[in-house]
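As the structure lists them, so they are numbered: ligands from 1, and atoms in each ligand from 1. Because the structure is a prediction, the values reported are computed rather than measured. Sequential numbering from 1 along the given sequence is applied to the chain's residues.
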Amino acid sequence: MKVRFWGVRGSTPTPFRENLRYGGNTSCVEVRTPDNELFIFDCGTGLRQLGKSLVEEFGHRSIHAFIFLSHYHWDHIHGIPFFEPLYNPENYFFFHSFPSHAQSVQAALEEQMSDPYFPVNMEAMAAHRHFYNLCNDALSYGASTLRTAQLNHPQGSLGYRLECNGHTLVYATDNEPGEPDCDRRVRDLAEGADVLIYDAQYTPLEYVNSKKGWGHSTWREAVNVAKDAGVKNLVLFHHDPDHNDPFIDSIVHEASRYFPNVTAAGEGMELSLLPTGIHIGRFPGERRLDSRHPVNLPLVVYGRTREGLHFEEHTTLENISLKGGYFMLKHDPDPRDEINVQLRISPEMGGPLGEVALKSRVVRLDESVEDELDRKGVAVTFQ
Ligand SMILES: [Zn+2]
Ligand SMILES: [Zn+2]
């Protein structure tokens, strides 16, 4: 089984530079089975790029895909009107989800494209479209079986468990913990899975402070589910729009203290569930390196910690590139804030005594690199 992430963001797309390593498109995950069935979990904005990739791959051959929607919130359906293969009469799509408020899957999706929300309605989509209302069904597709579980989310959400050739993938997003029946169901669904893709929208602090009742989970609950259900690999998913790349890095780092086999979903990331084991690939946006030059310059960093406290710290710039630099820091800067980096230029360096102030943004917190002063590595880009 091969899994590819086309959209990993929750709630709304985030096409901003500080999010582009993990990606800004909303939920969409492609799965290919060894017998070449194509499954698509959710149709957020990531679906548009998947469509382009399928058109290129299939050429004149017909595309058959089974599509499973967790629910009908925008971040899970927004890609449908922009999915090119749906406009080709040679293609076949089988949409599955739960009927919403007595409205069928078909009616809920057709309404998305009705006047005045989109210039053409779903009739303009020439592909063969079939719609299936699911309710606790177990389904078979070739060598694959699929079952569902209702999750705890406003207006409902469905989690999916796909088994094929001895491997199990569970996709469970948009789920809030705390409802005992549902907490049990999600653990049942994830039981012994090779890979669990799970809603980790908030930090535990964000959740208790202001996000209770919003229908989402935290990385800590993701870890709890993974441990309770004996999951082998956990993929944190549905990233909050306000969590930039270094912030997600720090969430993964924190989660890995409790559950080592954890990663965060990133756009373009591929997982392979092979007889020899599970291979989790890096994603193309990861570690975008430009050429770095070692330096040794005195530096003062002004910033704000995650607790909101201002700090000033003297350190040394260790390397520099056209775009940014790297230094060690004792303080823990909030990656969502700008920090000011002040370079001290001394006469021995050939110029007049002076200071260069550079507005910067944290792009990576290297928690794995710690020196004898208990400092960790910080990579920044200059603004
Ligand atoms: Zn969502
Ligand atoms: Zn939702």
Regarding [X] and [Y], do their side chains bring together a donor and an acceptor under 3.5 Å, going by distance alone?
X: Asp42; Y: Ser27; value: no
X: Gln201; Y: Asp240; value: yes
X: His243; Y: Glu18; value: no

Does Arg304 make a cation-pi contact with Phe311 (under 6.0 Å, within 45 degrees of the axis)? no
Q. So is Arg220 actually on top of Tyr258's ring, under 6.0 Å and inside 45° of the axis?
A. yes
Listing protein N, O or S under 2.8 Å around the Zn ion (ligand 1) gives Asp75 OD2, His76 NE2, Asp174 OD2, His238 NE2
side-chain contact (heavy atoms from CB on, under 4.5 Å) filter on Val363, not counting sequence neighbours, yields Ala379, Thr381
